[in-house]
Protein chains: 2
Amino acid sequence: MCELLGMSANTPTDLCFSFTGLTRRGGETGPHKDGWGVAFYEGKGVRCFHDPEPSASSRIAELIQQHPIKSKTAICHIRQANVGDINLANTHPFVRELWGRYWVFAHNGQLKSFTRRVGMYEPVGDTDSEELFCDVMNQVRQSLPRDAMPKQLTDILVELADSYRQQGVFNCLLSNGDWLFSYCSTKMAYITRRAPFGPAHLSDAEVSIDFAAETTPNDVVSIIATEPLTDDESWTLYQPGDWKLWQLGEVVAEGNSR
Amino acid sequence: MCELLGMSANTPTDLCFSFTGLTRRGGETGPHKDGWGVAFYEGKGVRCFHDPEPSASSRIAELIQQHPIKSKTAICHIRQANVGDINLANTHPFVRELWGRYWVFAHNGQLKSFTRRVGMYEPVGDTDSEELFCDVMNQVRQSLPRDAMPKQLTDILVELADSYRQQGVFNCLLSNGDWLFSYCSTKMAYITRRAPFGPAHLSDAEVSIDFAAETTPNDVVSIIATEPLTDDESWTLYQPGDWKLWQLGEVVAEGNSR
C-alpha cells in the first residue's frame with residue numbers, strides 16, 4: 001500500500017513539517033520505500049518532484065524538507081509498490097491537463113483488475129492508480145461542461161469513487177489547484193490548524209514545531225493524511241465512504257456513501 | 001528571449017556540466033533570469049523541475065548541478081520573459097501526455113499574436129510558447145494515427161514549425177522520450193561527443209571537465225543549445241530552417257526548409 005498527504009490552506013504555507021514526518025515512513029519508520037512524489041500548486045502552475053528512491057534517504061526529499069516551498073494546495077505520496085514496477089513512470093502523484101488547469105492525483109489502495117474506459121487520457125506507467133486517474137479524467141471530460149460547478153463535479157467524483165471502492169481499496173486525493181477532493185475507502189484522517197496555534201510533535205521523528213511562531217492569526221491550514229502525522233494533536237478520522245471537498249483550508253462540501 | 005539546452009545520449013548521462021554553464025546565464029552571465037526548468041526522461045517517466053526564480057541563484061538548480069540525474073534525453077530552458085508574466089505556470093518546459101507518453105516542449109523565440117487552433121490541449125499559463133505547444137499537440141493528435149512512424153511525425157512537425165517560423169521566431173526542442181526533435185528558426189548549435197573523449201571548459205563558469213574520465217568508449221552524447229556552452233570545442237551551427245531528429249545521441253533524420 002502507500003500513504004497520502006494533502007494540504008489545503010488559505011495562505012501559502014510550506015509542507016516541511018508534515019513532509020518530514022511522512023517521508024520517514026519511506027524506508028525508516030515505515031515500509032513505503034518504493035518512491036515518493038509531491039505536487040505544490042503555485043497559482044495555476046504546479047511544482048512536482050518525483051523520485052523512485054526511498055523518501056527517507058532521497059537527496060531531493062531532503063531538499064524539500066529544508067527548502068520551504070509555499071503553497072495553498074499540495075498533494076504528496078509515498079509508495080509501497082503492489083501493482084506496477086518501481087520506476088519513475090509509476091511514481092505518484094500523476095498530472096494531466098484538463099480545461100486549462102493541471103489536475104493532480106494520488107491514490108492509496110489497490111484495484112488489481114481495473115481497466116479504464118475509452119478516452120483521451122492514457123496511463124504512461126502500468127499502475128492501477130494511474131489507470132484509475134485516467135478513467136476519472138476521461139469521465140469528467142466526457143460528462144461535464146468546461147464550466148461545470150463544483151457541485152456537478154463532486155457528484156461525478158463521488159459516483160466514480162463509490163464504484164471504484166466496490167472493486168477494491170480506493171483512498172484518494174485529487175486537485176485542480178482550486179479545490180482538493182478527498183475520498184476515504186478504508187482510512188484517512190485530517191486536522192485543521194487555526195488560531196490559537198499550538199505546538200506539535202511528529203510521530204515519526206524527534207521534530208517539534210510551534211505553529212504560533214510560524215503563522216498569522218488568520219491562517220487556516222488543514223492536513224489530510226492516510227495516517228495521522230503528529231502524536232500530540234487530535235486528528236479527526238474519516239469513516240469509510242466519507243468524502244470532503246477542501247478549499248482554502250476549510251471543508252466546502254462533504255458527504256458519505258456508506 | 002530564452003535559451004534552450006537539449007541532450008540525446010545512447011547511455012544514461014547526467015547534465016550537470018552543461019546545466020551548470022547554462023544556468024549561469026540566468027542572472028549572472030546572461031539576462032535569462034525569469035525562471036528555468038528541466039525535464040529528464042527516465043524510461044517512460046519524466047522528472048521535471050521548474051522554478052520561476054533566477055537559475056543562477058536557485059536552490060533547486062544548485063541541487064541539480066551537484067546531484068547527477070542520469071538520462072538519455074533531457075530538455076532544459078532558461079527564460080527571459082516577453083509574452084506572459086514571470087510565474088510557475090509560464091515556466092518551460094511544458095509537458096502533456098499523448099498516446100501514453102509524456103511529451104516535453106521548450107521554445108525560444110516569440111510569436112506575439114499566435115492563437116492555437118481548436119483541440120483538446122489547452123495552455124495553463126499565458127505564454128505564446130505554451131499556446132504553440134498545445135497547437136502542436138492538437139495537430140499531431142488530430143492528424144496522425146496512434147502508431148504513426150517517426151517519418152510521418154517529423155513531416156508534420158516540420159510543416160508546423162515552418163508555418164510558425166513565418167509568423168515569428170521559433171527555435172524549439174520537443175521530445176516524447178524516444179526521440180528529440182530540434183528546429184532552428186534563428187539560432188541553434190550542437191556538439192556530439194564520442195571516443196576519444198577530451199576535456200571541455202564552460203564559457204560561462206571556471207569549470208572544466210575531462211569527459212574521458214566520465215565516459216566509456218561506446219558512449220555517444222549530443223548536446224543541442226541555442227548558444228554553444230563550451231569555449232574549447234567546435235560546435236556545429238544549425239542554419240535557419242534546419243531541423244534534426246535525434247535518437248541515442250545520433251541524428252536519425254534531418255532536413256532544411258530554407
Side-chain angles (χ1 to χ4, degrees), chain A residues 35 37 39-53 58-64 66-71 84-92 94-103 116 119-127 130-131 133-134 137-138 141-142 146 176-177, chain B residues 35 37 39-53 58-64 66-71 84-92 94-103 116 119-127 130-131 133-134 137-138 141-142 146 176-177:
Chain A
F40 298 93
Y41 282 95
E42 202 173 291
K44 292 170 73 182
V46 64
R47 214 190 268 264
C48 295
F49 300 87
H50 292 94
D51 196 350
E53 297 302 309
S58 162
R59 175 93 185 268
I60 300 167
E62 190 187 333
L63 174 80
I64 294 168
Q66 297 163 356
H67 178 59
I69 296 173
K70 291 179 180 286
S71 175
D85 298 339
I86 300 169
N87 60 45
L88 187 63
N90 287 344
T91 305
H92 308 218
F94 303 105
V95 184
R96 295 291 187 275
E97 175 266 319
L98 169 61
W99 300 328
R101 300 301 297 260
Y102 292 119
W103 291 51
R116 74 188 185 287
M120 56 151 286
Y121 296 100
E122 294 183 34
V124 172
D126 51 12
T127 62
E130 192 182 9
E131 190 86 17
F133 176 42
C134 292
M137 296 300 283
N138 287 327
R141 176 181 277 270
Q142 289 164 21
R146 201 182 182 297
N176 76 342
Chain B
F40 299 93
Y41 282 96
E42 204 173 288
K44 292 171 73 181
V46 64
R47 213 190 267 266
C48 295
F49 299 87
H50 292 94
D51 195 349
E53 297 302 308
S58 161
R59 174 95 184 266
I60 300 165
E62 189 187 332
L63 174 80
I64 294 169
Q66 298 163 356
H67 178 59
I69 296 174
K70 291 179 180 285
S71 175
D85 298 339
I86 299 168
N87 60 45
L88 188 63
N90 288 344
T91 305
H92 308 219
F94 302 105
V95 184
R96 295 291 187 274
E97 175 266 319
L98 169 61
W99 300 328
R101 301 301 297 260
Y102 293 119
W103 292 50
R116 75 187 184 287
M120 55 148 288
Y121 295 100
E122 294 183 33
V124 172
D126 52 12
T127 61
E130 192 182 10
E131 191 86 19
F133 176 41
C134 292
M137 297 300 283
N138 286 326
R141 177 181 276 270
Q142 289 164 22
R146 200 180 183 298
N176 77 341

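What you are looking at is a predicted structure, and each value in this text was computed from that prediction instead of being measured. Just so you know, these numbers use all the heavy atoms, side chains as well, and skip hydrogens, waters and symmetry mates. To find a chain, count down the sequence lines: A is the first, B the second, and so on, and within it residues start at 1.
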Given that the side chain runs from C-beta out, which part of [X] has a heavy atom under 4.5 Å from chain B: side chain, backbone, both or neither?
X: A/Arg47; value: both
X: A/Glu97; value: side chain
X: A/Tyr41; value: neither
X: A/Asp51; value: both
X: A/Ile64; value: neither

TODO: Compare every heavy atom of A/Phe49 with every heavy atom of A/Ile60, then report the nearest pair and how far apart it is.
DONE: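 Looking at all heavy atoms of both residues, the shortest contact is CG2-CD2, 4.0 Å.
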- [ ] Specify the closest pair of heavy atoms between A/Gly125 and A/Asn90, including all atoms of both residues, with the distance to one decimal.
- [x]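 In this case the closest contact between A/Gly125 and A/Asn90 is CA-OD1, 3.2 Å.
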Task: Nearest-0.5 Å distance, CG of residue A/Leu63 to CD of residue B/Glu62 - done: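 Between atom CG of A/Leu63 and atom CD of B/Glu62 there are 9.0 Å.
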- [ ] Could you grab the distance from atom CG of A/Asn87 to atom OG1 of A/Thr127, nearest 0.5 Å is fine?
- [x]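 So the gap between those two atoms works out to 9.0 Å.
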- [ ] Give the ring-plane orientation class for B/His92 versus B/Phe94, where under 30° counts as parallel, over 60° as perpendicular and anything between as tilted.
- [x]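 It falls in the tilted class, 30° to 60°.
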Best-contacting candidate, [options], against chain A by heavy atom pairs under 4.5 angstrom:
options: B/Glu42, B/Arg96, B/Arg101; answer: B/Arg96
options: B/Pro52, B/Gly43, B/Gly100, B/Ala89; answer: B/Gly100
options: B/Arg141, B/Glu130, B/His50, B/Met120; answer: B/Met120

Task: Residues that A/Glu53 engages under side chain to side chain donor-acceptor pair (under 3.5 Å), provided they are two or more places apart - done: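 A/Glu53 satisfies side chain to side chain donor-acceptor pair (under 3.5 Å) with no other residue.
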